[in-house]
Every structure is written in C-alpha cells, then in structure tokens.
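Working notes for the structure below.
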Amino acid sequence: MRVFNFAAGPAMLPSPVLDQAKRELEDWQHLGMSVMELSHRSKAFMAVAKAAETDLRDLLKIPINYKVLFLQGGASLQFSAIPLNLARAGAPLAYVNTGAWSQKAIKEANRYNPVTVVADSASTNFLDVPPEAPWPLPLDTSYVHYTPNETIGGLEFPYVPLTGDVPLVADMSSTLLSRPIDVNRFGLIYAGAQKNIGPAGLTLVIVREDLLAATRPELPATMSYAAQSAEGSMLNTPPTFGWYLAGLVFQWLKSEGGLEVIGKRNNAKAQRLYEYIDGSGYYTAPVAKRGRSWMNVPFRLADPSLEATFASEAAAAGLANLEGHRSVGGMRASIYNAMPIAGVDALIEFMRDFAARYG
Ligand SMILES: *Cc1c(COP(=O)(O)O)cnc(C)c1O
C-alpha cells in the first residue's frame, strides 16, 4: 500500500507517473526493451529527451536565449560548476546565506573564488529572510547566488532579489516547478531532480546563453555548460531513465493544468497546514510568516520529548518521514507537487488527534 510520504528528498512522485513507468518498464513503445536499455543516441531516446525539454520549456515559459541542460552530479556538483563556469579565476562572487544549503554552496565556491556574503539570515537563526533591499555587491562580482527555498530550515524567499545587471543564480532544488516563475529574472537556475522533478541522479540547469562563454581551461568537460550545451547534454551518457521519468512528470504537470494551477494548489496546501499549526495551541511553526516555505513545513511539538513518538505513530498511520533534518530536529512535512491535498488533510487530522491525546 502506498503511504503519504513527507520526505524532503528523494520525495514522492505522482502516482500516474509511476503507473505509466510501470506499464512501460519492460516494453517501451513496443520496442521490446525498457527505456533504460535504449542507447541515449537512438532516435527513440532522442525523441524522449527532446519532448521532455519542450514540455519543460512550455511549463516554465523558458525564453529561447536560455539553454536547458540535463546533467548528473546533483545540485552539489553545481556548487562547484557554477563558479568554474561563470567566474574568471580570482573574480569576486556574491552569495546570500539563508541556511544549510547556502552554506554548502558558499563553502564550495570559496575553493575557487573569493566569496562575499552580501545578505545573511544568521542573526535570525535562519528563521527569517534578509530584507528586500538592494544588497551591496562587491565590485565586478560575476554573479549573485541565493537559495530561494532552504529545504532543511523551511525558509523561503517571498521575493526575487534585484541585482541589476549582475546575473542572479538560484538553487531551486526544492522549488522548481512548484509555481510559475519569470525565468528572465535569472542568469542561471539549477535543481537536483529528487525533490520536485523526478528521481535522484538528474540535475537540471537552465542558463542564459551569454553566460556560457567565460569558462576556464581547467574546467572538466562534463561540467562545462558550453560543452554540454553544444552536445545537447550528451557529451557522455546522460541519466536516461531520470530524463525519461522527469519527462513523464512534465506531462503530468501539463495535464493537471500547468504551473498556475499547481502553484495555487501548493499555496493552498501550505496555508492549510500553517493555519492549523498556528491555531493548534500545541504545535508551533518557527519560521517568520513572510519566509515560510510552501514546500517544506518545519514544526515543533509543545513537548519535544514526544517527537519520536509522533514520528512513529504517524508512520504507523501511513504518514511517513515526518522527522526534521538530523541537523535541526523537530518535525518537517515536505509537501511537494506530488503530495495531494488529501495527504495534507490526513496529516492535520493525525496532528489534531495526537495533540488531543498527549496535549
Ligand atoms: C537537496 C538540496 C541540495 C542537494 O542536492 P543533491 O542533489 O543531493 O546534491 C542542494 N540545494 C538544495 C536547496 C536542496 O534542497
């Protein structure tokens, strides 16, 4: 029996997508083989790859002067690939620090270029986003990097920072496809697939064409946006099954009505959960209201010693993986696109019952 899986990633995938993948697993389009067994250079797979890109472009309204890359290595490899592709040796970089993933990105970038933290949530214990002011950027900074949604802390920007002519780079690992965005505001968007897009192993990069030029000689070819773009992300064998499955997710999103509809649904899911928590008298949501994530909802119990009991009773009731990240404790409900409203309702029902029994 399938459960409501509140894991932060790898996370739930839409049931219709899994059903289709299951039906097609062994004999894809009457070829007598799985899509996993197809050559990435075969006509059949090239059609899968192209359709996925076209659907993604439709969903996000990606302008033609942006390249879409289907890569490997996770968002974490992009922490290195971004400075190596977008910055000359020695050039200053601007980073925003809103939590655990920002810090990992900063640490990696600092291995290659001098990083200035231009806005920081540390003074709020990462419970609020930096003010929406133009941040003082180092002279000649190659780009500004930020994390629109901190998956661990559940801290999300309610605005897209203004950076003038300086390219804005966004780690959208836990938000891409959760609502419409204006791609034109960004120089580069990247996301590991396992939160909201598809299975682990696939990483999406959406990059403005004019940023492909400034590569360094020591840049590994597989990490080079220019080289990958020139080869249609097939410089070497791409993650074919992940690409195919993400393509099915894109078709599912379209069939659901696209990102306007999905965004409204995600907003409604998050509002419903936060409203219940705020009014419960038993649970608390620690993040400042304006910075509350639609995707990852951290909350605490009035009695923290009951956290393990909460998690195990919830799991027994078919609500899996509600433990917070090991670094922060507490509880966290990740409610990405594939989590139906019924899953959120079931969680609220369980929380109400738990509070009544233990509160
Ligand atoms: C999960 C996550 C990452 C790391 O992704 P990997 O694919 O495991 O490298 C980076 N940034 C954010 C915001 C994430 O949610």
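Atom set for the values below is all heavy atoms of this structure, side chains included, hydrogens, waters and symmetry mates excluded. Both ligands and their constituent atoms are indexed starting at 1 by order of listing.
A side chain to side chain contact (heavy atoms under 4.5 Å, CB included) with Ser229 is found for one member of Leu212, Val68, Leu235 and no other, namely Leu212.
For ligand 1, the atoms sitting less than 4.0 Å from at least one non-hydrogen atom of Thr151 are 12 (C), 13 (C), 14 (C), 15 (O), numbered in the order shown with element in parentheses. Contact atoms of ligand 1 toward Ala75: 3 (C), 4 (C), 5 (O), 6 (P), 7 (O), 9 (O), 10 (C) (distance under 4.0 Å to a heavy atom of the residue). Every atom of ligand 1 is numbered from 1 in the order shown, and the set under 4.0 Å from a heavy atom of Gly74 is 7 (O), 9 (O).
Classification of the His145-Tyr95 ring pair by plane angle, with boundaries at 30° and 60°, yields parallel. Between Phe350 and Phe354, the ring planes are tilted. Angles from 30° to 60° get that label.
For Gln194, every heavy-atom contact with ligand 1 shorter than 4.0 Å involves the side chain, none the backbone. With a 4.0 Å heavy-atom cut-off, ligand 1 is reached by no atom of Lys104.
The six-membered or imidazole ring of His40 lies away from that of Phe45, with a centre-to-centre distance of 6.0 Å or more.
Under the 6.0 Å distance and 45° angle rule, Lys195 counts as a cation-pi partner of Trp101.
Scanning the protein heavy atoms around atom 9 (O) of ligand 1, the nearest turns out to be Ser76 OG, 2.6 Å.
Residue contact check for ligand 1: Asn149 places a non-hydrogen atom closer than 4.0 Å to it.
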